Chemist: 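Below you'll find the structure I mean.
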Amino acid sequence: MRVVMENLSKKFGHFTAVDDFSVTLEDGELVCLLGPSGCGKSTVLNMLAGILPVSGGKIYFDGEDVTDIAPEQRGIGLVFQNYALYPHMTVMGNICFPLEIQKVPKAEREARAEEMARLVHMDNMLGRKPKQLSGGQQQRVAIARALVKKPRLLLLDEPLSNLDARLRLEMREEIRRIQQETKVTTIFVTHDQEEAMSISDHIVLMKDGVLQQHAQPQALYNDPHNQFVADFLGNPPINNIPGTVSGGVFSAGPGAQLRLDDFRRVPEGAKVNLSIRAESFVVEDAPAPDRMSCLVENVYQMGKEEMAQLSFGAHSFRAYISSDYGLRRGDTVHLGLRSRGTFVFDLETGARY
Amino acid sequence: MSKVTKNRLGTGLYIFGALLTAFSLIALAAGRRGALSLALPCIGLVLTVLGLYLNHSYHTRQGTARVSLYLLLVVGALIMVFPFYWMISSAFKTSAEMSIYPPTWAPRNWLNFENFRIALNTAPFEKYFLNSVMVTSASVAATAITTILAAFAFSRLSFPGREVIFSLLLSMMMVPFEMLVITNYQTIVRVGLNDTRFALVIPFTSSIFYTYILRNFFQTIPDGLYWSARVDGCTNWRYLWKVMVPIARPSLVTIILLNGLASWNSFMWPLLVIKTDANRTLPFGLYTFTTEVGSNNEQMLAASTVVVLPMILLFLFARKQIINGVARGGIKG
Ligand SMILES: Nc1ncnc2c1ncn2[C@@H]1O[C@H](COP(=O)(O)OP(=O)(O)O)[C@@H](O)[C@H]1O
Ligand SMILES: [Mg+2]
């Protein structure tokens, strides 16, 4: 189902939790709603579900305006972080419950519930109570329950946050598989950028209730629209070196100058952040105007690669360097920058140049 | 004092204390009277507790501590059960047996139902019993329903002034029952229900305290359950009965049992509003009966047994539910 959110906003009293939020999701996609805790992800999800009334804007499902339609008429399946299974019902009872409400005959609903249980690999535990299941198994049941009535839209609110690290990886792939098998349009809320990068077709990144960027995971990583997006994605976090641009030359302090084509677009005298991903450095053998001459402060072994702690002017940053170069503390290296993974942002507004 | 000495001393003390308690109780039961035989069990208990306390600080308290804990529990249970045993056994004694000194430990004939016959013939206990059953079940059923509905509204529905109204209700718990009695009495009289069984039910069809407890429990049920159900098309009404009530069952059972007990035992209110003998409930009936039979203790105890028995049976059958309810925070809220 194609989901359109148009200038959506939500106010709690004077506090604006979601502000002028416009996003279009294509049919059959798995989209991650990503952002730090408290940025309004759940609020957006709850407005889509009809749990929260909107303060402004419109929601369209397949062209139909559903903004003021009751939750039960929207055809949604919901999955929560804490699974929200009915503790007094068995797995079978839980998965059947949505169909029971719709008065589907018993034989049919049990057949459909079994089919769903098979899909999530829980068909051998139909008689158990939620208490007798692990967190991952409970979440599988919750997904089966959300899918059994064949929703047009599946909404998952931080479904993996309560699981331990190993299970989280496993369930992440499970959700991807289930989504691809059922082709149901899915919105997956998370604050974990790695989770979002690995699972989704598109990522919608939010901050303080405002849409930051809507793009494919790789595009978000390689082409961030602003400082926040660049900072939020990537591990280790992107290096930010503040400085001033004048005459196409970036200066981060005495003896720390750099000339790049990128800086030509920057207005004279602007204060900027030069943001470089740790993997975007190339070791060169001689200094040049478009190379950074840096002092090696520290070197950490990380398998084939080395993580070097370097300083450029007064600013410290980290770079992946091949261990072939045998860097030592106190060395001076000359680093070129790959255009991929190198960005210039305005220091104040965070806008990209 | 070193840990080991403390532990040894503790172990010695509580074993000695428990044995002293047990033996002195047996001696007491065997008919020895006097200040010493009464004091000994108490001293034994104190020593046991002191020993346990000393031993507590030491890590090897698994085996022996458990044994002594059970001993202590057994002693406690005996003390609790004893009055009931005394009541029931005395109900089977003849009046001659009752006046023997020192009192006998058991009736000569356990099948002597004479006291029960006299008691049941002197006053219409079956009538009282029926009244009690009707009044208790009506007020328990009504209280359960109003409690469930109110707790749902105050925990799940949002309406203007919800918290204010709830605080007002809670503040009414501060008003002592004795004060409400006056206004309740006037109301009942004006409505013209004085001296009817309705008068015993109507003031007791809701309870703020139980509503408070159930509301607190309802609030612990995650929102996710509600919204999953709502999105699936479940109405509030259906969600309440299909999800919330079954989840809250242990608390509800506890509430119903406590409420039932209070209603069954209520005495002051019936005394006030009921005049006609045929409308009396068991405790009230028992009270008038005892004043009538005067010093016939064995008949009084037979009647008491009849009155108390249904509640004891109920508790024996519902034991697991009550313990579950209390343990699972049903009553802690
Ligand atoms: N019912 C509410 N009343 C007031 N403020 C709320 C309410 N729900 C959420 N908020 C606020 O809105 C912001 C966004 O919340 P939420 O959507 O839950 O964030 P997220 O899911 O991204 O962590 C938060 O600052 C939160 O405090
Ligand atoms: Mg959230």
Side-chain angles (χ1 to χ4, degrees), chain A residues 42 45-53 69-90 93-104 109 129-131 138-139 141-159 162, chain B residues 144 148 151-153 155-164 214-256 318 320-321 323-325 327-330 332-333:
Chain A
S42 298
L45 209 70
N46 291 342
M47 287 193 287
L48 281 174
I51 293 172
L52 277 178
I69 282 185
E72 64 270 21
Q73 282 156 6
R74 297 191 184 197
I76 333 161
L78 268 183
V79 175
F80 291 99
Q81 177 179 343
N82 55 9
Y83 326 127
L85 296 177
Y86 307 118
H88 58 297
M89 298 181 194
T90 60
N94 266 282
I95 305 180
C96 277
F97 192 66
L99 300 177
E100 204 180 313
I101 293 166
Q102 292 180 354
K103 304 208 168 61
V104 175
R109 71 176 183 242
K129 291 272 180 71
K131 245 193 305 190
Q138 291 190 43
Q139 201 52 288
V141 176
I143 293 170
R145 185 183 64 187
L147 286 174
V148 73
K149 47 168 197 179
K150 304 208 167 66
R152 300 190 291 169
L153 178 64
L154 179 62
L155 303 175
L156 305 141
D157 195 347
E158 312 223 11
N162 275 10
Chain B
I148 288 171
F152 180 75
S155 65
R156 194 68 267 180
L157 304 180
S158 47
F159 50 89
R162 183 178 99 169
E163 298 310 312
V164 176
L214 196 61
R215 182 196 82 126
N216 280 0
F217 186 86
F218 278 174
Q219 279 180 333
T220 65
I221 300 175
D223 278 4
L225 260 66
Y226 178 68
W227 289 114
S228 305
R230 281 301 302 276
V231 159
D232 291 340
C234 196
T235 56
N236 276 332
W237 180 253
R238 189 155 181 180
Y239 177 74
L240 171 60
W241 296 105
K242 278 262 172 185
V243 179
M244 284 182 118
V245 168
I247 292 176
R249 213 181 69 166
S251 303
L252 269 171
V253 169
T254 312
I255 286 173
I256 286 173
K320 211 176 133 199
Q321 287 280 14
I323 291 170
N324 274 351
R328 264 199 247 156
K332 285 181 297 179

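Note that these values count all heavy atoms, side chains included, but never hydrogens, waters or copies made by symmetry. Predicted model only: the values in this text are computed from it and were never measured. Quick note on labels: first sequence line is chain A, next is B, and so on, each numbered from 1.
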Chemist: Can you tell me how far the CG atom of Leu225(B) sits from the CZ atom of Phe97(A), to the nearest 0.5 Å?
Modeler: 9.0 Å
Chemist: Mind checking the CD1-CG spacing from Ile148(B) to Leu240(B)? Nearest 0.5 Å is all I need.
Modeler: 6.5 Å
Chemist: So, using side-chain contact (heavy atoms from CB on, under 4.5 Å) as the criterion, who are the partners of Leu155(A) when residues are at least two apart?
Modeler: Leu45(A), Leu48(A), Ala49(A), Ile76(A), Leu78(A), Leu153(A), Ile187(A)
Chemist: Would you mind checking chain B against chain A for donor-acceptor pairs under 3.5 Å and listing them?
Modeler:
| unit_1 | atom_1 | unit_2 | atom_2 | d |
| --- | --- | --- | --- | --- |
| Ser228(B) | OG | Arg145(A) | NH2 | 3.3 |
| Val231(B) | O | Lys149(A) | NZ | 3.3 |
| Asp232(B) | OD1 | Lys149(A) | NZ | 2.7 |
| Lys242(B) | O | His88(A) | NE2 | 2.9 |
| Lys242(B) | NZ | Glu100(A) | OE2 | 3.0 |

Chemist: Among all residues two or more places apart in sequence or in another chain, which pass the side-chain contact (heavy atoms from CB on, under 4.5 Å) test with Ala144(B)?
Modeler: Ile256(B)
Chemist: What pair of heavy atoms forms the shortest contact from Pro151(A) to Gly77(A), and how long is it?
Modeler: CB-N, 3.4 Å
Chemist: In Å, rounded to the nearest 0.5 Å, how long is the span from CD1 of Ile95(A) to CE of Met89(A)?
Modeler: 12.0 Å
Chemist: For Leu85(A), which atoms come within 4.5 Å of any heavy atom of chain B: side chain, backbone, both, or neither?
Modeler: backbone
